[in-house]
Each structure stands twice: as C-alpha cells, then as structure tokens.
Amino acid sequence: MKYNPQKIEKKWQKKWTVDKLYEPDFASAKKPFYNLMMFPYPSAEGLHVGNMYAFTGADIYGRAKRMQGHDVFEPIGLDGFGIHSENYAMKIGAHPAAQAKVSEKRFYKQMDSIGNGFAWDEKVETYNPEYYKWTQWLFIQMFKKGLAYRKKAEVNWCTSCLTVLSDEQAEGGKCERCGSAVIKKELEQWFFKITDYAEKLLKNLDALDWSEKVKIAQRNWIGKSEGAEITFKLKDGGELKVFTTRPDTIMGVTFIAVAHGSIYAGKIAVHPVTGAELPVYATDYVVADYGTAAVMGVPAHDERDRAFAEAHGIYVSDAPLLPYDEALKKCGGKKETRFRLRDWLISRQRYWGPPIPMIHCEKCDWQPVPESELPVLLPRVKNFRPEGTGKSPLASVKSFYEATCPQCGGKARRETDVSDTFLDSSWYFLRYPDACTTEVPFSPERIKDWLPVDMYIGGAEHSVLHLLYSRFVTMALHDMGYVDFEEPFTVFRAHGLLIKEGAKMSKSKGNVINPDEYIERYGADTLRTYLMFLAPFSQGGDFRDESVMGIYRFLNRVWVLVLGNLTAGSNGALQKAIHKTIKKVTEDIADLKYNTAISAMMILLRELEAGEPVAEDVKTFLKLLAPFAPHITEELWGMLNGEGSIHKSAWPVWDAKFIEEDEFDLVIQINGKTKRVIKAPKGIDEAEAVRLAAVDGAPKRVIFVHNRLINFII
RNA sequence: GCCCGGGUGGCGAAAUGGUUAUACGCACGCGCCUUAAGAGCGCGCGCCGCAAGGCAUGAGAGUUCGAGUCUCUCCCCGGGCACCA
C-alpha cells in the first residue's frame, strides 16, 4: 500500500472534527493550557503560507503539550472587521459584508486542511454582531471609567484610506495598512487614555516571559524619560517652560528652541542662574506634542543644539556641567517624567467596523448607548466607500444617525465613526473560552480557569500594536474588576519571517506561495514538517521548492518502515538511540527549535531502518513525529493497533539509564591539533588517558579535559 | 544616527558554561535497479593536493594549550525606531 496523503488527511480531519478530539472539557479540565496564536486578517485571496507557518509552529507546541497531559485549548477565528478587509473588498469590487462571508468559508476550509488541532466550537469573527456587541460594550466601559474621551488634536490622516490612524499605525509617516503617506489634520476624535497606564505597561514588562526583541520594542515605544521641567522668565513678562533630561547642562544654555507656531518664537528669555539673555527660536527639530514643545539649547553638550547654534551664529559656550541635584536647585527645576507614548486614537472614518456606541445630544453632551440596546448594528449600505470628508460614510445615512438622547429623550445624533480594528483584537482571547455566550462578553468562570494565556505565538510586527493594546485593555478590565490578572499573555514568542529563495514574498514579485498547491501535491504533513525544518522557528525560513521533496521522502520512509515486517518480541538494541531522540525532541519542542528536532528524528529513522525495531519502538517514534505530521502518524498508529488517537496518547519519557554512555571518543591532540580519536572508558583519569594516547617523548605540558580530550604540548 | 538579529560548503542550515567545525536536508557525481525515464536504494561530496599534509566559520587584531563560540576595531546583509530634548 502506497502512502497517499490526500486520502488519509481528509479522512482524519473529518474524524477529528466529528469526535471533537481537540475540544477541551472546559468544566472538568485538570490542567488547562491555553495555546493561542494570532488570528488572521482574512483580507487576501486566501490563507497565506506565512499564516500557515505561524499556525503550524504554534500547533506543534500545543500538540506536544496535549500529549504531555495538558488540557489544551487551541482556538482560532477571523479578525475580519477593519480597513484591511474593507480595502480588499473595494479592490475586488465587492461589498465588505458579502466578501466577509466568502473569505470566511475559504479561510476556514484552508485552516481545516492544514491539520491543526483547533477547537472549532469556539471560533470568533470580529464582524459578527454577537461579537462586536461586546466590542461596543468594551468602549462604553472605557467611557464610563473615564478612559475614553474626545479631543481636538493634530491627528494622522491616511491620504489613501481616507481616515485617521493611531500613532502606532502611522509609524514612520506611513500608513500601516497601505503604505501611503500620512499627513497631519486637526480633527476632533475619540481617544483611549492608554497613557494612564504608561508606567504599568513599562514596569510589568520586566516580569513577562516574552521574546526580548518585543519587550525592547515596547519599552522604546513607551519611551520613558526622566528629567526636569525648568521655567525660564521672559524679558518682557511671562514665562516659558522646557523639559530636559540633562538639567546638569544648565550653565551651557545659550538659546531656547521652540516648535513652529509657538507663541514664544522671537522673544527673549532670561537664564535662571546667570541672568543672561537667551534668544527664542522656532525650529522644526522641536516636536510639537512632546514635553513642553520647548527645549533649552545647549550647544556645548548636545549635537543637535550645536548644529543649530553654528547654523545661526549663536555663541557656543563650553560651560561646565554641574552636579545633577545642584543644577536643579540653582535653576529651580522640578523633576518630571515624560513618556513618548500618546493616547490611542480610536475613531475611524470608515464603514467596515463596529459603530462607536455613543450619542451626542445638544443638551446632555455625549451619552453612551444604553447597554440593553447593544449592538448598534452596522447598517448594510450600498455606499460604503470612504469619502475623505473627515466623516464616515455612515454620516450620510439618516436612518442611522438619527437618534434620541438616552438621557433626556430629545433629538440627538448618533456617532457615525467606527472603531479601530485593533480594538476588535484587543480582547478576543477573553471571548474564545466561551465564544457562544450571549449574556456576557466573556464567561468569568472560564476566564478564571483558562486565562491568562499560557503560550501566545505570533509575528513581531505586532510588537507595538496588538500586543500593547491588548495589555492596556486587560489592565483596564482588571481595574474595573472584570478580570483578576493584569497581563493577558504569560508567555509570548515571536516567530520569524518566511521568505522565498532569499526574497520577501510579495504579489508584485509573483513569488507568493499558495499552501493549497503543496498540500494537494505532497499533503499537509509534508508541508508542515518542511516549514518547520527550514530554520529555527524564531528566525524564520527560506522556502525552496526543490527541498520539499526531502521531507516527502522522509515521510514515505516512515510509511514503508511501519508497513514492513516489524520484529516480534522485544529488542533492546535500539533503546539508546530512541531515548536520546526522545530527550532531544522533547527539549527542542519546548524551545521551539523544531528544525533540529526533525533532524534528530531523521537520524533515528535511519537507525530503525538499519536495526530490527519492534512495534513499541516504532510507536514511540510515531509519537515524537505526531505533532509535526499529525495525519500520517494517526494512520500508522491505527495500523499498529494503537489505542485511541495518537494525539491523546502519552508523550514518551526518556530514561537516563539508556542514554548514558560507558565509552567516549577520546580526542588526542598535539599542540592543539587533533591527531587521533580513540574509544576510551568514561571517567578515566589523566594518567590513564596519557597511557591510552601512547604519545612518544616528554611533553612540556599536558592538558586533560575530563571525558573529552587530551592535548600534549611538545 | 540609534536599537535588535545575522554573516559557517554550490544552497537551507547544525554546533556557542571554549576543546573532533560543517549534523540533518537539498543540489550534484558515481553505481544498482529499469527497455527507457522517473522514483527508489547504495556510495561519495568544504577547499588545495597523487599523497603526506596544508588551509578554511565576513576582515583584522587580542586572550588562551586550544576560538565559529570570549574581547576590541572594522565591513556587509536583514528587520525595527528615528529630530522625543
């Protein structure tokens, strides 16, 4: 019988779903393990191989945990509300609501075909009213807590998406979604007060077991600066405050620089210590919305200040530094802490999102929609395209915006902006464990048992977007008493980027890999194992078409081995190789070093082929392979009369007694160069090693490394 | 400019409490099988050399009996942040 992945994979996927193999028993689970992966934006033509790379890596971890006795909960869903999905719908000329249904079908079919152990009963889609009802509820809680507020401000405006964006989505002056230039516009918008949590968001990072680069990115983004605020009197009355991290350079101040448009430009300030006159310049190197939008110019100690001073013919004084505290005292400065982090701009002038559940009344100002009236349904309108007027398309839908004030019952106007996509995804992991509940946003009992998330795997591109927002929302919910933890993700691991033959995959280059083709040709097991074999999971991988065959051969050899004649009875000869591999694979999976785990299994396979394995040996091997190639191992497990599903079988445990060697390779070196390698009994002393090495002459010096080598310096 | 990763065979990559560099896979070569091709199986495969041997982990220096691994200087590639005072 030939290995036929197409046949067995479909068969098992169906059976696993029918048997609810991957549904945890929420009520009586003894060792809950929440294995989370970032849910995809279903915006493109279908599941990208990059999604599959991430999902497979996360799934292998979860499958191993399940076999190690944990009650693993591995949910999935679609982050289908928002600009990305809307932009895609517009591109192909579809209505976003109609396109969502098409994408949903396609994505779920593909996600089923990759063989992950998803808990399908608990999926969520952010665009379903049953879900976004609670996204709106969340907004209202934030408003009630004083964490949602309106303000008129210079905001980021994407000239292509025709909406405002948060600072995090406009990094580097480019739209996070479409890459277009972002300009500044003065608009009144809804904000979330994430800055209230700046200190906590920063401090808690220290205790989190997260990929270090993500923690660093968050620290940089929060950008805490400790310094001082110093007041400069103006010559013709009034005063001006600056923020500095270097009050000790106060004696070197020769000018003041302020942001463009500042009312202080052109005035003369007075040095608080020396009384010297300091010109005030407007320059563009001073950022308008940071600190006090004014800096003291110290050409002697700051490069930018020096460059500015030289360009404007200002005297560059080399005044001495003062001790920090003395400087503060002399100039009357007071210690201040500033953050780079800005409040989270929530409003979007787009159609495809949850309407912000607020009503504006001329008399009563802004009022939240009563919770009994949630959800505020997004009406199906023909004209959903952004207009670029600074208003959402909903602003021209009279039946939508006409409302009555919940407070006074008078005529009022409903908010017509929708909320940011990142609000949808800031709390989805709370919903999963009881995804169908209709009475509450998330079930308190299940939250208690299953959260915080035990393992979260996703891309590093969300270092300062989704991961920061989720932490903030969780902290806010904690302070409102809804959850009893502050941090949603105990462990987070960033996976690397999958590239194709050294280049980034992109549609314009035409090198985007469609996983379906490979699954059709070689099966999901081959593709999964291949993706994980490329390179360390955290590093990313370089996909090469011709290399896929190597894994396909490997799985075929596994198939042939099991179908061949296995030896009856017991055979101890392979125990050493088997137990060494159990240890290696177990440890490598824990470290997400899947590439070397697979390599170790390839070596073991060769030993099994060369030896005389019994059924138990092969079953152990299959268990190790099961997280990587779940279908073929399940099929072969059945052929060997394995009990139940292999994926619920007990993970093998290595026994140190089989691994211990009684011999080692003694490396014999002369002047540090290897001359010979001989077998020697473990634990021998230097004298014995010298005798075994049998090197002529009297060495000047002998270096002996226990159980490893002997080096003669002559 | 600053902050993270990286630089090892023809290619993807192993090996970092210092001590046999190149595991595993791909490609390639030879052989077996086959009418043939492919698949499969076996063997070989860092570079130079007939060999003995020598040389090799981006470049250069240092520490050490011994460095891919530690220290310093520099170069290159990928990613992120950038007038944040």
Side-chain angles (χ1 to χ4, degrees), chain A residues 171-173 211-217 219-221 223-225 227-228 230 242-247 249 256-257 259 283-298 301-305 307-308 338-342 460-461 463-464 494 496-497 499 501-504 529-530 533-536 538-554 556-557 560 593 595-606 609 664-678 699-714:
Chain A
E171 281 184 20
S211 296
E212 202 53 36
K213 64 175 173 180
V214 172
K215 294 213 276 189
I216 290 167
R219 281 192 194 104
N220 290 342
W221 187 258
K224 182 177 181 173
S225 296
I230 299 173
V242 304
F243 175 70
T244 180
T245 54
R246 296 291 307 279
T249 64
I256 302 285
T283 89
D284 46 12
Y285 83 80
V286 177
V287 180
D289 59 352
Y290 182 77
T292 58
V295 302
M296 55 188 215
V298 190
H301 300 293
D302 184 280
E303 258 183 65
R304 272 167 324 181
D305 292 349
F308 185 83
R338 302 274 170 173
F339 293 93
R340 183 187 177 286
L341 183 71
R342 290 301 116 76
E461 70 273 16
S463 297
V464 291
L497 191 70
I499 58 172
E501 281 155 35
K504 226 175 178 170
T529 311
Y530 175 63
F533 182 61
L534 288 175
S538 62
Q539 189 186 299
D542 192 354
F543 194 103
R544 310 253 157 182
D545 267 335
E546 67 272 15
S547 307
V548 181
M549 275 307 292
I551 296 292
Y552 189 61
R553 281 187 202 123
F554 168 64
N556 266 291
R557 280 165 54 202
V560 170
K593 287 183 342 201
N595 57 329
T596 46
I598 294 163
S599 145
M601 288 187 280
M602 287 172 167
I603 293 168
L604 178 59
L605 175 64
R606 215 157 47 198
E609 286 171 335
F664 73 101
D665 291 327
L666 176 65
V667 177
I668 300 163
Q669 293 183 337
I670 292 174
N671 293 339
K673 296 253 179 223
T674 302
K675 292 297 166 191
R676 280 194 301 146
V677 179
I678 60 169
K700 268 190 279 189
R701 199 178 149 193
V702 176
I703 294 112
F704 174 66
V705 183
H706 192 68
N707 287 344
R708 191 161 271 169
L709 67 73
I710 185 148
N711 183 11
F712 298 90
I713 311 304
I714 54 175

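For clarity, every value in this text was computed on a predicted model and none was experimentally measured. When reading the values below, keep in mind they use all heavy atoms of this one structure, side chains included, and skip hydrogens, waters and symmetry mates.
Checking the phosphate oxygens (OP1, OP2) of B:A14, a side-chain nitrogen or oxygen of A:N595 falls inside 4.0 Å. In this model, the phosphate group of B:C24 is not approached by any side-chain N or O of A:T596 to a distance below 4.0 Å at OP1 or OP2. Look at A:R553 and you won't find any side-chain N or O under 4.0 angstrom from OP1 or OP2 of B:C41. The side chain of A:Y285 places no N or O atom within less than 4.0 Å of a non-bridging phosphate oxygen (OP1 or OP2) of B:A85. Within the structure, a side-chain polar atom (N or O) of A:R606 is placed less than 4.0 Å from OP1 or OP2 of B:G25. In this structure, A:R544 does not reach the B:A27 phosphate: none of its side-chain N or O atoms is under 4.0 Å from OP1 or OP2. Within the 4.0 Å cut-off from OP1 or OP2 of B:C84, at least one side-chain nitrogen or oxygen of A:R304 is found.
A pairwise comparison of heavy atoms in A:S225 and A:T245 identifies CB-CG2, 3.9 Å as the closest pair.
When rounded to the nearest whole Å, the span between CD of A:Q539 and C1' of B:G79 equals 13 Å. Between the CD1 atom of A:I499 and the P atom of B:G5 there is a distance of 19 Å, given to the nearest Å. Note: CG (A:D542) to C1' (B:G25) measures 14 Å, nearest angstrom. Rounded to a whole Å, the CG atom of A:L534 is 10 Å from the C1' atom of B:G25. As rounded to whole Å, 12 Å separates atom C1' of B:C3 from atom CD of A:E212. Summarising the geometry, the separation between CZ on A:R557 and P on B:C41 is reported as 6 Å, rounded to the nearest angstrom. At whole-Å resolution of the value, CD1 in A:I703 and C1' in B:C65 are 3 Å apart. At whole-Å resolution of the value, CZ in A:R219 and C1' in B:A82 are 19 Å apart.
Residue A:D284 is in base contact, counting any heavy-atom pair closer than 4.0 Å across all strands shown. Using a 4.0 Å heavy-atom distance criterion, A:Q669 is classed as a base contact. Contacts of A:S599 with the nucleic acid, taken as non-hydrogen atoms under 4.0 Å apart, include base atoms. Within the 4.0 angstrom heavy-atom criterion, only backbone atoms of the sugar-phosphate kind lie near A:I216; the bases stay farther away. Base contact: A:V286 has a heavy atom under 4.0 Å from a base atom. When heavy atoms are screened at a 4.0 angstrom cut-off, A:R340 is found touching base atoms of the nucleic acid.
Remark: B:U22 base-pairs with no nucleotide in the shown strands. Criterion, Watson-Crick or G-U wobble with two distances under 3.5 Å. B:A82 makes up no base pair with any nucleotide shown, lacking Watson-Crick or G-U wobble contacts both under 3.5 Å. Pairing for B:C43 goes to B:G29, judged as Watson-Crick or G-U wobble with the two contacts each under 3.5 Å. Under the Watson-Crick or G-U wobble criterion, with both distances below 3.5 Å, B:G62 is paired with B:C70. Under the Watson-Crick or G-U wobble criterion, with both distances below 3.5 Å, B:A51 has no partner in any strand shown.
As rounded to the nearest Å, B:G58 and B:G9 have C1' atoms that lie 15 Å from one another. Rounded to whole Å, the separation between the C1' atoms of B:C45 and B:A27 comes to 11 Å. Between B:A21 and B:A56, the two C1' atoms lie 10 Å apart (nearest whole Å). Rounded to a whole angstrom, the distance from the C1' atom of B:G6 to that of B:U16 is 15 Å. Straight-line distance between the C1' atoms of B:G18 and B:C83: roughly 44 Å, to the nearest whole Å. Separating the C1' atom of B:C24 from that of B:U19 is a span of 23 Å, rounded to the nearest Å. One P atom belongs to B:C30, the other to B:A37, and the distance between them is 13 Å to the nearest Å. Comparing B:G7 with B:G17, their P atoms sit 16 Å apart, to the nearest whole Å.
Residue A:E303 qualifies as open at atom CD: its count of foreign heavy atoms under 6.0 Å is 12 or below.
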Exercise. A:F533 and A:S547: side-chain contact (heavy atoms from CB on, under 4.5 Å), yes or no, with the steps?
Worked result: CA-CA 10 Å; A:F533 182 61; A:S547 307; over 6 Å; no
For this session: For the pair A:Y530 and A:F543, evaluate ring pair (Phe, Tyr, Trp, His ring centres under 6.0 Å) and give the outcome as yes or no after the intermediate values.
Result: CA-CA 9 Å; A:Y530 175 63; A:F543 194 103; 5.2 Å; yes
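Separation of atoms CZ (A:R304) and OG1 (A:T283) is listed at 9.0 Å; rounding is to 0.5 Å. Expressed to the nearest 0.5 Å, how far CD1 of A:I710 lies from CD of A:Q669 amounts to 10.5 Å. In this structure, A:N556 CG and A:M549 CE are separated by 8.0 Å, a value rounded to the nearest 0.5 Å. To the nearest 0.5 angstrom, A:R544 atom CZ is 7.5 Å from A:I499 atom CD1.
Closest to the A:W221 side chain, of the nucleotides B:A82, B:C84, B:A13, is B:A82. Of all nucleotides listed (B:G25, B:C84, B:U19), B:C84 comes nearest to the side chain of A:V287. Nearest to the side chain of A:P536, among B:A85, B:A14, B:A82, sits B:A14.
Residues A:M296 and A:T249 form a side-chain contact, since some pair of their non-hydrogen atoms from C-beta on lies under 4.5 Å apart.
Residues A:K213 and A:A217 both approach RNA chain B. Their nearest nucleotides, taken by heavy-atom distance, put A:K213 toward the 5′ side. Toward the 5' end of RNA chain B, the nearer of the two residues A:N220 and A:M549, judged by each one's closest nucleotide, is A:N220.
Under 3.5 Å, the side chain of A:N711 and the base of B:C65 form at least one donor-acceptor pair of N or O atoms.
Glycosidic conformation, B:G78: anti, with the torsion outside 90° of 0.
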